[in-house]
2 protein chains.
Amino acid sequence: MYVPCPSCPLRRKPAFRQKGEEEVAVINSMKSDHLTLEAGSEFIHPEQSDAELYTLFAGWAFRYKELGDGRRQILSFALPGDLIGLQASLFEKSFYGAIALTDIQLCVIPRRRMLRLFERMPEIAYDVTWLGARSEALVDENLLSVGRRGAGERIAALLCSLYKRAEPLGLVKEGVLELPLTQQHIADALGLSLVHTNKTLAKLRSQGLFTISGGHLVIRNLRGLSRFAQHFEEDLAPRPLI
Amino acid sequence: MYVPCPSCPLRRKPAFRQKGEEEVAVINSMKSDHLTLEAGSEFIHPEQSDAELYTLFAGWAFRYKELGDGRRQILSFALPGDLIGLQASLFEKSFYGAIALTDIQLCVIPRRRMLRLFERMPEIAYDVTWLGARSEALVDENLLSVGRRGAGERIAALLCSLYKRAEPLGLVKEGVLELPLTQQHIADALGLSLVHTNKTLAKLRSQGLFTISGGHLVIRNLRGLSRFAQHFEEDLAPRPLI
DNA sequence: CGCCTTTTTGAGAAATATCAATCGCAGTGG
DNA sequence: CCACTGCGATTGATATTTCTCAAAAAGGCG
């Protein structure tokens, strides 16, 4: 399957800034491939030296780092429209790995074309930089969580954040968000152990702020959950889609 | 005091990539000011809507975020040559604050000139993006620390990282690095309490891997400290200086 | 049904936080 | 010179949080 950028359904979502035809055409010309990968595939490897730049077209993924003895930290989750691999494609080697959480589709922008892209269309270069900055903002927020929020607050903040990001992508249907995270993923993202994550999650659920089962998340009171988590950031929108 | 980019002493350090005259001239033309600020000054405020882009010319600074009730997380430390404020200058408002740790000097690049910069010199735009990605990499590494390393490892990793970054800037003299961090800063950066930071630091010191007193850090065994911290990242060098 | 992954539970151990002083030292005013 | 003040470092005692280990329960799937 190959989706040409001008007819990309993502581009029409409210989450994204509408672009002119010419710009979309240039983006399309940069795109070298459209990949389909199974859940669990690692498409950027730690230490990999020739990673490409990707836009996640469909599905969920995450970036992670790990220590020598196997301890793993998830750095950020990626949703459709997110750019993945900017660092990895800019540097000589990647300092992180990226794995598909669900089956995914990726638009590929070859790293070699990056500089040419900067020369050819400065607006797009600006947008790439913007998206890189947004990616850092996501990690910043995560670091705040892991460093300063308690276990319950961390989980609440993560759910809020994902929900707020998923909504303008049209991923929330009738109040239900399909969340492909296992409790292990949540623990890995929040710097918690699996067991503690499970117990804390149970406690939160029992307070009635949200429901989560079988991969379906329903937030009964987003305002209240945000307040509990002290999570007050809205997702920046509209944003560019490369 | 005003330092024109072509005669910038920083630019000659081994940490930085040497640039052509023309490029340096353009950078110089972008620079609108050279500020001198006292230690403790906050030069980017959380929520600020019109932050400029800065290059730290001299001194140390840090970026931070905080929760409503005052809990504070330091996101990253900035050393000379580092770009600060890319997110803040790209977005409508800043999601973090930035404060001078020591007396500092900043080169100012007005946010308004950013897009023009992208049009005028794609190589520089590429470098800005590169520096933004490096900034994210620093936060990634911090998040790994806070999420997965124990207190001792966190401190060791932080010291290693700062030392490895300071060295190519010529800030390490006869094995001694002047470290302007208070234990409270270390605690804020690592997601630890002040008391625990103090006790852990004392324990580490007693193991003889390093010495730290009166703001002077001497690492006796960088290899050993790195191994203990499981910190194996070298600072990327050479890198662009904007 | 049997096998695998994920979730859940219980119990005890370890790490880290909090509270409350005290100490050391540099600057400051008398 | 000395008392006084303020900030950062240090210490001891105690309270919480979070982790680890071990095992059982619950689903999903061929």
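To find a chain, count down the sequence lines: A is the first, B the second, and so on, and within it residues start at 1.
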Task: Minimum side-chain heavy-atom gap B:Leu159-B:Leu209 below 4.5 Å - done: no
Open item on the list: In this structure, how many angstroms lie between the C1' atom of D:dT16 and the NZ atom of A:Lys199, rounded?
Closed with: 15 Å
TODO: Describe the nucleic acid contact of A:Ser193 in one word from base, sugar-phosphate, nothing, applying a heavy-atom distance below 4.0 Å.
DONE: base
Open item on the list: What's A:Ala202 touching, base or sugar-phosphate or nothing? Going by heavy atoms closer than 4.0 Å.
Closed with: nothing
- [ ] Could you tell me whether B:Arg148 contacts a base, only the sugar-phosphate backbone, or nothing, with contacts defined as non-hydrogen atoms closer than 4.0 Å?
- [x] nothing
Open item on the list: By the 4.0 Å heavy-atom rule, please label B:Leu194 as base, sugar-phosphate, or nothing.
Closed with: nothing
Open item on the list: Tell me the interatomic distance from A:Leu190, atom CG, to D:dC19, atom P, rounded to whole angstroms.
Closed with: 10 Å
Open item on the list: How many whole angstroms separate atom CD1 of B:Ile155 from atom C1' of D:dA9?
Closed with: 13 Å
Open item on the list: Measuring from the side chain of A:Arg154 (C-beta onward, heavy atoms only), which nucleotide among D:dT18, C:dT7, C:dT9 has the closest atom?
Closed with: D:dT18
Open item on the list: In whole Å, I'd like the distance from the CD atom of A:Gln183 to the C1' atom of C:dT8.
Closed with: 8 Å
Open item on the list: Do B:Glu153 and A:Arg71 have side chains that approach each other closer than 4.5 Å (heavy atoms only, starting at C-beta)?
Closed with: yes
Task: A:Gln184 or A:Gly147, whichever maps to the more 5' nucleotide of DNA chain C - done: A:Gln184
Task: Nucleotide C:dT6, atom P - distance to CD1 of A:Ile212 in whole Å - done: 14 Å
- [ ] Show your reasoning for whether side chain to side chain donor-acceptor pair (under 3.5 Å) applies to A:Ser135 and B:Glu136.
- [x] CA-CA 8 Å; A:Ser135 170; B:Glu136 183 183 19; 2.5 Å; yes
Open item on the list: If you compare every side-chain N and O of B:Thr182 against the phosphate oxygens of D:dA9 (OP1, OP2), does one of them come in below 4.0 Å?
Closed with: yes
TODO: Would you mind checking if A:Glu233 and B:Lys93 are paired as a salt bridge, meaning a charged N to carboxylate O distance below 4.0 Å?
DONE: no
Task: Between D:dT17 (C1') and A:Glu153 (CD): distance, integer Å - done: 13 Å
- [ ] Could you point out which residue of B:Leu53, B:Thr55, B:Leu56 forms a side chain to side chain contact (heavy atoms under 4.5 Å, CB included) with B:Ile84?
- [x] B:Leu56
TODO: For B:Arg71, answer base if it contacts any base atom (sugar-phosphate contacts may also be present), sugar-phosphate if it contacts only those atoms, and nothing otherwise; contact means non-hydrogen atoms under 4.0 Å.
DONE: nothing
Open item on the list: Just to be sure I understand the rule, does A:Leu192 reach a base, reach only the sugar-phosphate, or reach nothing, if contact means heavy atoms closer than 4.0 Å?
Closed with: sugar-phosphate
TODO: Would you indicate what B:Gly191 reaches in the nucleic acid, counting non-hydrogen atoms under 4.0 angstrom: base, sugar-phosphate, or nothing?
DONE: sugar-phosphate
Open item on the list: Using whole Å, what does the distance between atom P of nucleotide D:dA9 and atom NE2 of B:His216 come to?
Closed with: 14 Å
TODO: For the side chain of A:Asn198, starting at C-beta, report the closest nucleotide among C:dT8, D:dG12, D:dG8.
DONE: C:dT8
TODO: For the pair A:Arg111 (side chain) and A:Phe91 (backbone), establish whether a donor and an acceptor sit closer than 3.5 Å, ignoring hydrogens and angles.
DONE: yes
Task: Value in whole Å for how far the C1' atom of C:dA15 lies from NE2 of A:His196 - done: 12 Å
TODO: Compare side-chain N and O positions of B:Arg205 against OP1 and OP2 of D:dT10 and report whether any pair is under 4.0 Å apart.
DONE: yes
Open item on the list: Any side-chain N or O of A:Arg149 below 4.0 angstrom from OP1/OP2 of D:dT17?
Closed with: no
- [ ] Could you tell me whether A:Gly214 contacts a base, only the sugar-phosphate backbone, or nothing, with contacts defined as non-hydrogen atoms closer than 4.0 Å?
- [x] nothing
